[in-house]
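For clarity, every value in this text was computed on a predicted model and none was experimentally measured. Sequence lines set the chain letters: A, B, ... in the order given, protein chains first and strands last, and positions in each chain run from 1.
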There are 2 protein chains.
Amino acid sequence: MTSASSDLVFRAVSDPTRRALLELLAQAEYSVSELLEHFKVSQPAISQHLRLLLDAGLARVRTDGRRRLYSLDAAPLREIHDWAAHYERFWDNRLGRLGQYLDQKQEAKKRGLPE
Amino acid sequence: MTSASSDLVFRAVSDPTRRALLELLAQAEYSVSELLEHFKVSQPAISQHLRLLLDAGLARVRTDGRRRLYSLDAAPLREIHDWAAHYERFWDNRLGRLGQYLDQKQEAKKRGLPE
DNA sequence: TTGACATATAAGCATCTGCTTATATATACT
DNA sequence: AGTATATATAAGCAGATGCTTATATGTCAA
């Protein structure tokens, strides 16, 4: 989980087509042509997206005859999840820094401390 | 949370400089020149990044004299968090589809069903 | 009012991105 | 062997991206 590999994951996930691919791969293993049916781009475009997913560690391939079967490897998504979770405290209320302050105040109140 | 605005958030967050900006804004409200101190790029570059964060709804500004004070709005990050959480089941084990299958098997076993 | 400061915007540029078509590679079928 | 099928790779291109310098805008201070 170096900064470089982390960046690969964030970049991979920033594209809507690749997010759609991940969603499909979450359901099952798919060949390229099966994946292709769900999109309006060319086969090379799909292969190129899959390459980026592989590079980011978000997908695996195995060969089956002349087909290549892609599957999901969601492990790197955990990093994104954890990164976002780091900000969880800030979206509970929409007040940002002030929210933290209010949280503290409320905490204090709960404990029956004077303001 | 349209698909378009969602995309803005994913894109905004895909850049390491902007992620660093968010991290700073999570700590406090900052002026542009204060933010600038933490980076090796020019002032316009920072202003441009901040613009994208604003567009994605990840930051707010208020004017204080001739300074502009930026603060975090983490709300849109919740979407990313939830999106990633959708894959949580897949990173618990590193086996993807097979993992699900094994999960089911294990579930079955727990219930004392025959294999 | 004049000049310094803080920030935004404009314009230009190199690089990256996502796409296409054309082609290479490998396997399967007859 | 020869043809069709499945996928990857190469090359090229338009548009996006991130940066820079130059400049505009607005506020403060003497």
Side-chain angles (χ1 to χ4, degrees), chain A residues 3-25 28-73, chain B residues 3-25 28-73 76 80:
Chain A
S3 171
S5 77
S6 167
D7 219 63
L8 280 181
V9 181
F10 273 101
R11 294 234 174 231
V13 146
S14 73
D15 181 85
T17 300
R18 286 191 291 270
R19 288 199 298 278
L21 282 169
L22 290 178
E23 200 173 333
L24 285 168
L25 296 180
E29 202 177 41
Y30 282 105
S31 70
V32 175
S33 44
E34 284 167 345
L35 291 169
L36 182 57
E37 293 170 9
H38 295 79
F39 301 90
K40 282 172 287 186
V41 297
S42 67
Q43 173 266 312
I46 295 296
S47 285
Q48 285 157 18
H49 281 305
L50 288 169
R51 176 74 128 93
L52 290 190
L53 291 179
L54 287 175
D55 289 349
L58 286 163
R60 298 184 223 85
V61 222
R62 72 185 178 88
T63 299
D64 171 49
R66 55 188 160 183
R67 297 184 310 156
R68 312 212 69 202
L69 299 179
Y70 286 82
S71 57
L72 179 68
D73 188 345
Chain B
S3 173
S5 77
S6 168
D7 220 63
L8 279 182
V9 181
F10 274 101
R11 294 239 173 226
V13 146
S14 74
D15 181 84
T17 300
R18 287 193 290 270
R19 288 198 299 277
L21 282 169
L22 289 177
E23 201 172 332
L24 285 168
L25 296 180
E29 202 178 40
Y30 282 106
S31 69
V32 174
S33 44
E34 284 167 347
L35 290 169
L36 183 57
E37 294 170 8
H38 297 79
F39 300 90
K40 282 174 287 189
V41 298
S42 67
Q43 172 266 313
I46 295 297
S47 285
Q48 284 157 20
H49 281 304
L50 288 169
R51 176 74 128 92
L52 289 189
L53 291 180
L54 286 174
D55 290 349
L58 287 164
R60 296 184 224 87
V61 222
R62 70 185 179 89
T63 300
D64 172 48
R66 53 188 160 185
R67 297 185 308 158
R68 312 211 70 204
L69 299 180
Y70 286 83
S71 57
L72 179 68
D73 187 346
I80 292 196

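Taking every side-chain heavy atom of A:Gln48 into account, C:dT20 is the closest of D:dC19, C:dT20, C:dA6. Which of C:dA11, C:dC29, D:dT9 sits closest to the side chain of A:Arg66 comes down to C:dC29. Distances from the side chain of B:Ser42 to the nucleotides C:dT20, D:dT7, D:dT20 place D:dT20 closest. Out of C:dA8, C:dA6, D:dT20, the shortest distance to the side chain of B:Val41 is found at D:dT20. Side-chain atoms of A:Arg67 lie closest to D:dT7 of the nucleotides D:dC19, C:dT21, D:dT7.
A 4.5 Å side-chain heavy-atom check between A:Leu35 and A:Leu25 finds at least one atom pair inside the cut-off. Residues A:Leu58 and A:Val13 form a side-chain contact, since some pair of their non-hydrogen atoms from C-beta on lies under 4.5 Å apart. Between B:Phe39 and B:Leu21, some side-chain heavy-atom pair lies under the 4.5 Å cut-off.
One can find a donor-acceptor pair under 3.5 Å joining the base of C:dA8 and the side-chain atoms of B:Gln43.
In this structure, B:Arg51 places its CZ atom 15 Å from C1' of D:dG18, rounding to the nearest Å. A:Ile46 has its CD1 atom 8 Å from the P atom of C:dC19, to the nearest Å. When the P atom of C:dA8 is taken as reference, atom CG of B:Asp64 falls 13 Å away, rounded to whole Å. A:Lys40 places its NZ atom 17 Å from the P atom of C:dG18, with the value rounded to the nearest Å. When rounded to the nearest whole Å, the span between CG of B:Asp55 and P of C:dA8 equals 13 Å. Rounded to a whole Å, the CD atom of A:Glu29 is 12 Å from the P atom of D:dT7. Taking atom CG on B:Leu53 and atom C1' on C:dA8, their separation rounds to 15 Å, with Å as the unit. We find that CD of A:Glu34 is positioned 10 Å from P of D:dA6, with the value rounded to whole Å.
Distances shorter than 4.0 Å separate some side-chain N or O of B:Tyr70 from OP1 or OP2 on C:dA8. Contact between the side-chain N/O atoms of A:Ser33 and the OP1/OP2 oxygens of D:dT7 is found at a separation under 4.0 Å. OP1 or OP2 of C:dA8 lies within a sub-4.0 Å distance of a side-chain N or O belonging to B:Arg68. For the OP1/OP2 pair of C:dC19 and a distance below 4.0 Å, the side-chain nitrogens and oxygens of A:His49 include at least one atom meeting the criterion.
Annotation for B:Glu34: atom CD counts as buried by contact number, over 12 foreign heavy atoms lying within 6.0 Å.
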Pair B:Leu54-B:Tyr70, side chain to side chain contact (heavy atoms under 4.5 Å, CB included): steps then yes or no: CA-CA 9 Å; B:Leu54 286 174; B:Tyr70 286 83; 3.9 Å; yes

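Note that CD of B:Gln48 is 7.0 Å distant from OG of B:Ser42, once rounded to the nearest 0.5 Å. The structure places OG of B:Ser33 at 7.0 Å from CD of B:Glu37, a figure rounded to the nearest 0.5 Å. Note that CZ of B:Arg60 and OG of B:Ser71 are 4.5 Å apart. Values are rounded to the nearest 0.5 Å. Summarising the geometry, atom NE2 belonging to B:His38 is positioned 13.5 Å from atom OG1 belonging to B:Thr17; distances are rounded to the nearest 0.5 Å.
Among the heavy atoms of the strands lying under 4.0 Å from A:Ser31 are primed sugar atoms or P, OP1, OP2 only; no base atom is included.
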Sequence neighbours left out, cut at 3.5 Å: what donor-acceptor pairs do the side chains of residues 5-12 of chain B make with other protein atoms?
{"from": "B:Ser5", "atom 1": "OG", "to": "B:Thr2", "atom 2": "N", "distance (Å)": "3.3"}
{"from": "B:Ser5", "atom 1": "OG", "to": "B:Thr2", "atom 2": "O", "distance (Å)": "3.3"}
{"from": "B:Ser6", "atom 1": "OG", "to": "B:Glu79", "atom 2": "OE2", "distance (Å)": "2.9"}
{"from": "B:Asp7", "atom 1": "OD1", "to": "A:Arg19", "atom 2": "NH2", "distance (Å)": "2.8"}

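Within residues 10-20 of chain B, no residue has any heavy atom under 4.0 Å from DNA chain C.
In the helix from C:dT1-D:dA30 to C:dT30-D:dA1, the end axes, each obtained as the rotation axis mapping the C1' atoms of four pairs onto the next four within a five-pair block, lie 10° apart to the nearest 10 degrees.
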